[in-house]
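Worksheet: one structure, shown below.
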Protein chains: 2
Amino acid sequence: MSKPTLVDVGREAGVSAITVSRALRSPEKVSDSLRAKVDNAVRKLGYVPNQSASTLAASKTNSIVVMIPSTSNNVFSDVLRGIDEALKGSRFTLQIGNTGYDPLEEERLLRSFLNPAPAGVILAGIEQTDATKQMLQAVGGPVVQIMDVCSNPIDWIIGFSHEQAARTATEHLITAGYQNIGFIGAQMDPRSQQRLTGFKSALQAKDMLHQDAVAVTNRPSDVGLGSAMFSRLVGNFPDCDAVFCNNDDLALGVLFECQRRGLSVPDQIGICGFNDLGITSQSVPTVTSVTTPLKEIGRLAGEILTKDRPVSYQPVVDLGSILAIRDSTRRYQFDNQDINRRLSKLRAN
Amino acid sequence: MSKPTLVDVGREAGVSAITVSRALRSPEKVSDSLRAKVDNAVRKLGYVPNQSASTLAASKTNSIVVMIPSTSNNVFSDVLRGIDEALKGSRFTLQIGNTGYDPLEEERLLRSFLNPAPAGVILAGIEQTDATKQMLQAVGGPVVQIMDVCSNPIDWIIGFSHEQAARTATEHLITAGYQNIGFIGAQMDPRSQQRLTGFKSALQAKDMLHQDAVAVTNRPSDVGLGSAMFSRLVGNFPDCDAVFCNNDDLALGVLFECQRRGLSVPDQIGICGFNDLGITSQSVPTVTSVTTPLKEIGRLAGEILTKDRPVSYQPVVDLGSILAIRDSTRRYQFDNQDINRRLSKLRAN
DNA sequence: TTGAAAGCGCTAACAC
DNA sequence: GTGTTAGCGCTTTCAA
């Protein structure tokens, strides 16, 4: 025999289908005895709602669409975990789209996810195509952009300033006494470009930006690539004594390459990573990295979309980032006072 | 104005809705001129199919349900990538469920995903609850179990023998000259238990299993935990001179802890990881690990479910695993001949 | 090769 | 607080 429907449950409970529907969707609007009867019937028959029928009738889904650039990048699995937590126990389900860092693929995928309208949409970054923005406009559902901040979000944006984070990290390297600071970047998406901008501006402010200081590639990042990029960097920039890396994978690769070359970290080479995904705090030496609020971004995005009245949230939320200073950049054993003194002196210039 | 439907497209193309439906779903069963007309109308109106309506009418979905134990475990993101590749360009979409290693949560989630019936189901492991198995039976859709092998899969199972993989790795440690070999395990799911079994059986066969050789925890694995577990292990088992780790995170943690303690790897301590997720081949020293066919498992599972006639596939596919021997276990600089000679000698006992 | 009719299981809108 | 009616947009079945 086939799956029980609302009608079956209604028959079992001695009420009509629509009453069962109501009892299930808004238990508080229904009498206690009815609720009990319905619950029993549901259990007895093993009733499971048919999502498609519900979606078709209501012409809106219970799914939250999330478009992420890469499923293999740990950055996004952290974000997803946050979203997942926010959705846990709610009636919403996640629909994940993998754009491969391609706005056109994002557009194509999103189009197929947008009919019927999802309960909400989460997008990484602010580089949607015009067509994508139009589609989202037409759908009208709430949209949360994540990972970045900007002044004119579609509805909400939750993230932090990558430029600011990179500037802070680079300033730390300067303060720590490094003179010839390089940049290594892979998977140069727009946010990585912003980090590069922050890096450059911090160095330019001190007139310390070397012409061969930047080594970037669009290949996906991994540890081995970090080693290779470091080799490339020091090939062009032999005096290089510190490296700001686009992410932690690259930073670890640099650390390993230094070990292979017998370069001491932090004395001969300083290393700073980005995202602080876990290993950097455990390695030998531990590696300085920018701690970014990935899970919090996901959780807040999920929270906004699952609220009935999300309008109470600010449209732009800058969650900030924190530089976790570790052994890989402790060139001299400053105490905080020292650092602060040097910082004020530098700022006075 | 609202979204165009099949009827709108039909009107535009001068045919009926059902004809448009056919032209879209089976272009080969329709005349060329009709196909062209329909394609034009679709483009002109910006028609996007309504999945819910289609699903409701056909009472089966285009989604492939994947239940994975953990979204944050890189093992599963590799598997997901394989599935994603297999599904790319097909009409199927992925529906991912996160079970948190809990068979009951798997059952609960799956129940909600099973109405209407998905096009296919992918499950990790073989430890489904009876209720889960019954549900799957009732749905009748194709089911692929992954990550493991067994003799009686629901429909198909694709994976490798964890016991065999661990036995091979442990035998390698013995052959490499280690005398007091320990096991470190976190997140002790059934497959990890099988690895432990393989580890024990390899040592017992040589009468080398020390009573304090095993340190395990159910906490999720990470690098820091690897360091902590190693400390615990050598606390109970001070003579320990090699460690087989449940996964690469732990192995890296052990490596870092050895560096902190000034223990040389591989001379004083040998280290072997599991899954070979990338860093192990890049670290200093490189770390021996068991290379497992994660992406291939995902791809094959996806491939089976997207075929019209999947019956041509073997029900049990053992993709095997390969031990990648690296510097962390090269205690003496054997060449392969040496290893083989020692191996035959050991086997002769 | 194409079309007409019926219905998938649910919910919105309105009645009682 | 509960029921009736009328679809949501598509596919199935059968007919032409």
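Numbered from 1 within each chain, the chains take letters A, B, ... in sequence-line order. The basis for the numbers below is simple: all heavy atoms, side chains too, and nothing from hydrogens, waters or symmetry mates.
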Original post:
Whole Å only: how far is the NZ atom of B/K60 from the P atom of D/dT11?
Top reply: 11 Å
Original post:
For A/R35 and D/dT2, what is the distance between atoms CZ and C1' respectively, to the nearest whole Å?
Top reply: 15 Å
**OP:** Output yes when at least one side-chain N/O atom of A/S21 is less than 4.0 Å from OP1 or OP2 of C/dT11, else no.
**Re:** yes
Original post:
When we call it a touch if two heavy atoms are under 4.0 Å apart, what does A/S31 touch: a base, just sugar-phosphate, or nothing?
Top reply: sugar-phosphate
Subject >> Residue pair B/I96 / A/L94, side-chain heavy-atom distance below 4.5 Å >> reply: no
**OP:** First locate atom CG of A/L319, then atom OG1 of A/T292, and finally report the distance between them rounded to the nearest 0.5 Å.
**Re:** 10.0 Å
**OP:** Whole angstrom is fine here: how far is it from CG in A/N50 over to C1' in D/dG9?
**Re:** 14 Å
**OP:** Among A/Q194, A/R191, A/H162, find the residue that satisfies the side-chain hydrogen bond (donor to acceptor under 3.5 Å, both in side chains) test when tested with A/D148.
**Re:** A/Q194
**OP:** Examine C/dT2: is either OP1 or OP2 under 4.0 Å from a nitrogen or oxygen in the side chain of B/T19? Give yes or no.
**Re:** no
Original post:
For A/V7, which contact category applies under a 4.0 Å heavy-atom criterion: base, sugar-phosphate, or nothing?
Top reply: nothing
Subject >> Value in whole Å for how far the C1' atom of D/dG1 lies from CD of A/E28 >> reply: 13 Å
**OP:** Grab the NZ-P distance between A/K29 and D/dG1 for me, whole Å please.
**Re:** 10 Å
Original post:
Where each residue is assigned the nucleotide of DNA chain C containing its nearest heavy atom, which of B/V20 and B/A57 is assigned the position nearer the 5′ end?
Top reply: B/V20
Subject >> Residue closer to the 5' end of DNA chain D, B/Q51 versus B/R22 (nearest nucleotide) >> reply: B/Q51
**OP:** Could you state the atom-to-atom distance from CG of B/D32 to P of C/dT1 in whole Å?
**Re:** 11 Å
Subject >> 5' precedence on DNA chain C between B/A58 and B/I18 (nearest-nucleotide basis) >> reply: B/I18
Original post:
Between C/dC10 atom P and A/L24 atom CG, what is the distance in whole Å?
Top reply: 9 Å
Original post:
Side chains of B/Y47 and B/E12: do they bring a donor and an acceptor to under 3.5 Å?
Top reply: no
**OP:** Answer with base, sugar-phosphate or nothing: what part of the nucleic acid does B/S54 contact at a heavy-atom distance below 4.0 Å?
**Re:** sugar-phosphate
Subject >> Gap between atom OG1 of A/T99 and atom CD1 of A/I68 - 0.5 Å precision >> reply: 8.0 Å
**OP:** Let me know the distance between CG of A/L6 and C1' of C/dT11, rounded to the nearest Å.
**Re:** 9 Å
Original post:
Under 4.0 angstrom, heavy atoms only, what part of the nucleic acid is A/R25 near: base, sugar-phosphate, or nothing?
Top reply: sugar-phosphate
